[in-house]
Each structure stands twice: as C-alpha cells, then as structure tokens.
2 protein chains.
Amino acid sequence: MKKVTINSVAEYAGVSKKTVSRVLNNEPNVSPATREKVLKVFKELDYTPNPIARGLARNRSFIIGCLYDNPSKSYITRVQSGALEACHKHNYNLLIHPCELRGEALIENIEHLLTTSRLDGLVLTPPFSDSQELIEFLKKKSINYARVASAIEDETSISVRSNDEQGAFEITEHLIALGHSRIAFIKGHPDHSATEQRFSGYKKALAEHNIAYDAELVAEGNFSYHSGADSAKEILDIQPRPSAVFASNDYMAAAVLKLATQSKLNVPEDISIAGFDNAPIARHIWPGLTTIAQPVEEMTRQAVEQLILQISDPEVEKTQITLEAKLIVRESTANI
Amino acid sequence: MKKVTINSVAEYAGVSKKTVSRVLNNEPNVSPATREKVLKVFKELDYTPNPIARGLARNRSFIIGCLYDNPSKSYITRVQSGALEACHKHNYNLLIHPCELRGEALIENIEHLLTTSRLDGLVLTPPFSDSQELIEFLKKKSINYARVASAIEDETSISVRSNDEQGAFEITEHLIALGHSRIAFIKGHPDHSATEQRFSGYKKALAEHNIAYDAELVAEGNFSYHSGADSAKEILDIQPRPSAVFASNDYMAAAVLKLATQSKLNVPEDISIAGFDNAPIARHIWPGLTTIAQPVEEMTRQAVEQLILQISDPEVEKTQITLEAKLIVRESTANI
DNA sequence: CGCATGTCTGACACCGGTGTCATAATGTCG
DNA sequence: CGACATTATGACACCGGTGTCAGACATGCG
C-alpha cells in the first residue's frame, strides 16, 4: 500500500498540484473538464487528503475540544455523542478534556491544552459555560468557543440552552396538580447556572398557585448522589414530612428514593419524588422517576455546528438558541 | 501574541533550526553549552513546538483512537479516563470513536477513520477486542492496536484483561457460601468474550461445590437493562423459584431487582441478586448490589501505555497483562 | 606529526498540502 | 479586429518541523 499524495494525483492526472488542490476545495476557476478528470483520478487512486498537511498549511487542526467537569456519566456521553455527530459531519475531530473548574490553575491547564493541541475551537459544558473567568480568557486569546446549557445571557458568545426554569416550573406544577403543597426542593451545585434556574422555576410555580414558599423545605445539594443522600436525610426528618420532593437532578432524586425506601416509606404512596435530566437511572430504578428530559445531544450538536460555522467564517453572527425540555411522568409521583 | 516558531528560536539563540530540533528531541551530539542556551531561549520565548508540523514531518498524528460499542455509559467513561491518563502522560491525544460492531460495513468505517484521521494507533474495547475480522484487518494494514478486556489469547497483540472467570467464580462461591444452591444465571452479549468467561466461572464454582448444573436456570441476556428485565421475567417464574440470581452485569442485575420488587419480593430476604462490573447503579439503588469490581481505568491505561510504547518502537514485545477483579459485597445478597 | 575517528553544527531537501502571483487561453465589445 | 476583462492553469514560496549529509573541529594513537 503505497501512499497516494496530491503529487501522485497531479502527475497521474497531468495537472499541477495546485489544480488538484482547487478541485479538492471546490474552488472556482477550474474548467468542468479538468474538474471531472481530477475527480476521476481521486476515485481511481482512492485518494484522501492528509489532514495534517492541510492543517499545517492552513494553520488549523480540525480538532474541537470538549471541556467538562460533571459527575454524571450519562450527561457526558450524551454531550460527546451530540458533539461527535456535528464534528463528523464537517470532518472535524473531537478531543475530550475532562478537568476541574475549581482545580488548581484552570486557566493554565486550558492554556497548555490550547498550545499543545492547537484546537480550532472549544465547546464548554456546565459548569465551564458559566465561568466568567474562562470566557474572558478565551475572548482575550480570541479562541472560538460555544457555550452549552448556560443560562447566562451573552450575545457575544455562541450559546445553546434548554429552558430549565420552564422545566422546573412544569414539574412543580405537575406535583401541585397531584394535590401536593408541601414540596421539598434540593438545589444543585452553585457553580452551575442551571441550579438557580431550576430553583426559580420551582418558586414561580408555587407562587402561581398561591403556595407560600417555605425556606425550611429547601436543601442544598451539588448534583451528586451523595449530596442527595445528605439532603434526603434532612428532608425526611422534617415534621410534618413533605408529601413530595423535587430534586434538581435524577441522581439526587435516586438518593432520596433509596433513603425513603430504607426508611420503610412507600414511593409514591407515602411520598412523591421527582428529578431532572432523565438520566438512565430514572428508568432503571423502581419506581421509575418522574423527571424532565432535556435534549442534551441536540444542544451540543447545535453548539458545535455553530462553532464550526464560526471557525470557518468569523464574521458570522453568534447565535443564541433555546430548546424545549419535556416533562416525563413515571411511577414516582402520585396523588396525595 | 505573535507566533514563536522553531525559526524564531533558532535566530534568537543564534543557532540553526536543526540544532534547536536536536535539543527539542533530546538528541545526542549537542554540546552542553549550546543545549543550555537553547533551553533558556525556550523559556524566554515561551516556545511550544507545533505538533501538526512535527506530525507532518514524522508522518505521525500523536492521536490514538478509542473504539467502543457499549451501552454502559459508566464503562465508556472509565475507559476514556484511563486512556486519557496514558495519552496525556506521553503527549498524545485521544480520539473517541463509538461505532457498531454489527453495523453496516464496520471495516469500511474503520478504514475511513484511519485514512481521514491518520491515527497512530487504536485501543479496542469489547466487543471490538474480540473481533477477529477487525484484528486481521488491522494486522494486514499494520496498524498498531491494543486489546482491552478480551479473553482471547493472542501473543501477537497487546492485550490487557482482568480475570472475569475468576471473578464470576468468586461471586458464585459467595452465593454458595450463603447457602444458595439454586442459583440462576443471566448471560451477557454473545459477541463479548467476557460472556463465556463469566458463564464458565459460574459453572466451575457449581462443580467445585458439587452442585449440579441446571440449564433451566440459565437465561440469555445481552448486557442491556432491557434484556435483563426479559430474563428476570423468565427466571422469577421458574418453579420452585431460584433463591439467587447472578446476572452477568449490573444493569441486568438492576433489572432483576426492579422486577422482583414489583412482584412484591423482598431482596435479599426472598431472593439474592448479584451483578458484575460495579457500575454506579450498583450503589445507587436499594439494596446495593453485590458485584465484581474490575479495574477498567487501569486496564485501559496500561493498554494505551503499551500501545504508545509499541508505536515508538515497533520491535518491542507485545505484552499480555492480566489484572485482578475484586468481590464487593453489598446488601443484595444474604443467607438463604 | 599524520591520519583515523568521533563530536558538533548547519545547509538543504522534504513531509503534503495551501496562498500568491504571473501567464496563457478564452470571451466580450466598441 | 484590437483592446481589455475574465477564466484557467501552473511555478514557486511557504507552513514548522525532521532526516540526510557534508564539513569544521577536537581527540586518540601509532
């Protein structure tokens, strides 16, 4: 298997390598006949351009980096799969870069990543999409980036989100419709803008239905299963016990379910439980969790799509997109 | 921020770019004084070599591809994290490539991946690490690869595995020690060599303890939660009901638990359940699943480590490594 | 001291593409 | 038909490194 380069194609087709390059990039000013001839040679020799050489000449790597710091494996794989879809479509590759928001020297870490990998752009997933520090750094370095699932408005960044507040509003309303009025709430990680959004949706639904907000019913979590277990302990001890718990994500909701079951409570007869995210665990446990499904793949896909657009034409406007979240009712919530 | 290239370093240091290149690659035949001088300029100018240019000159991409087709998100992220660790250590990057073993034209898909991305090597995770077709293709193309978690012996491939048979043996023995003798078994996906290994460990433990193997107690699964639910239905209907179920992975075990709970059975009082893999779900549900923990990250890390060794020196021997799996006892198994 | 050997260094081509510019071929129009 | 614009093509430098080779210089040894 000898290598097929642009030179061999040019020689074989009897044209210069520049002309081959033109055909390759669909540039104008190639006569139809020549174009045909070269394309035929591509087929015949089974030629694939070398992305590394092309990258060197164009000062591009055709690689996009994906930053994340998220304990949810399912969230990460969904992000990856959406990002990959968009990347493949445009012949880009995806570099995954898990790292810690609060780790030592985040900026240095990213700077190192950028200089050693020469990425063409960066997709930021929460909590990075909410990090002002990081975003300012990227702007200063004029690195292209896209923000996924951040509630922070900023027309100078590409941003694709889903409506977390609306989702939280709907799921709370669902509980209220089932007759619940003492609904406990478990917050997410303070570094994520989704945390505030979901909390706000919860409060708005209460207000809308004239239920007084009770701070005693709100526990601090951080999206981890463990934190959910801690919050569950507090909540289940409140007297009188709340008749429903809405946790800011499914892992914490699963923890509430586990603790409730351990305490001999029946779900949903004794207590209703709702989550957020529609993680796999939501349907793998019994009873299945009522939750909000977000289009994570689609969000990331669109974010990367926009990012690639931006890379190829920096003049393009930075799009803001909001997608819908959807309520999914399972067995963990029921009439009071 | 102007670019710092090897040329600017050379000029600034007053040497030729070849000498700079020598220092960069720790080549011999550079006088200590010159080396010092160049190194100082590296610092001063904050120089980082361009991996793309280097890749072009050396015909290398410094990218390793990771192939997987696995429904378990936690498995995938563990694989990724082990692979990333090894890659970063050696300044390689990781390209993830989910694809389907039984999909149309696997070989074509991989061939396309290889020609468009110019990968330096491939890490194969199950079921790819067991695919004879793929491995023969890679050998023919002389692509470096490493196999993770395959039971198939082959001294001509790098291979890192854990002892699945031993793990299955131990967990079965654990159930036997608790007094169980009617132990149902749910098989994994037939494309994975682990499936046969775990089945074999189960049978060996029965034989060792003089318990007759009963084919009626064995159900076919494919590692998915859904297949576990199907098998669970069959198993729970067997008369008399088995007193324990050993599922080939935790997702299927979780499905058994869900169905048992729905049928008003108490776990572990009425029936013991054991899984395999120590997936997050094993500790997120109640009761927690007794299972076998495999060093997935470590396996992948070592596989990539060996792969990179192989890439830099093709003469090196292809190592075979077997790591230990560990029994983790939780609440889902108890005395009969 | 002369010659062989070993160490250090740089000139130059090359990896496989792309950008710039000059030039040839073709078309347009008064 | 000639002047001029437009299209088509290739020569050549360049991206930022690495490999090859030749030459300068130092050292060892008979």
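Letters A, B, ... are given to chains in the order of the sequence lines, protein chains preceding strands, and every chain is numbered from 1.
Taking only side-chain nitrogens and oxygens, Tyr47(A) never comes nearer than 4.0 Å to OP1 or OP2 of dG16(C).
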Classify every nucleotide of nucleotides 8-15 of chain C by which part a protein heavy atom approaches to under 4.0 Å, writing B for the base, S for the sugar-phosphate alone and - for neither, in 5'-to-3' order.
SBBB---B
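Formation of a donor-acceptor pair under 3.5 Å by the Ser61(A) side chain with backbone atoms of Arg118(A) is found in this model. Using modelled atom types, no side-chain atom of Asp120(A) and backbone atom of Arg60(A) make a donor-acceptor pair closer than 3.5 Å.
Straight-line distance from the CG atom of Asn26(B) to the C1' atom of dT18(D): 15 Å, rounded to whole Å. Going from atom CG of Asn59(A) over to atom C1' of dG19(C) covers 13 Å, rounded to whole Å. Taking atom CZ on Phe62(B) and atom C1' on dG17(D), their separation rounds to 11 Å, with Å as the unit.
Between Leu95(B) and Leu113(B), the shortest heavy-atom contact is CD2-CD1, 4.0 Å. For Glu324(B) against Pro295(B), the heavy-atom pair with the smallest separation is O-CD, 3.4 Å. Closest approach of His97(A) and Asn109(A) over heavy atoms only: NE2-OD1, 3.0 Å. For the residue pair Leu124(B) and Leu138(B), the shortest heavy atom distance occurs at CD1-CD1, 4.1 Å.
With dG17(C), dT18(D), dG19(D) as the choices, the nucleotide that has an atom nearest any side-chain atom of Leu24(A) turns out to be dG17(C).
For the helix from dC1(C)-dG30(D) to dG30(C)-dC1(D), the rotation axes defined at the first and last 5 base pairs enclose an angle of 40°, given to the nearest 10°.
Between Glu297(B) and Ser81(B), the side chains place no donor N or O within less than 3.5 Å of an acceptor N or O (distance only, hydrogens not considered).
Between His192(A) and Phe223(A), the angle of the ring planes goes over 60°, which puts this pair in the perpendicular group of the 30/60° scheme.
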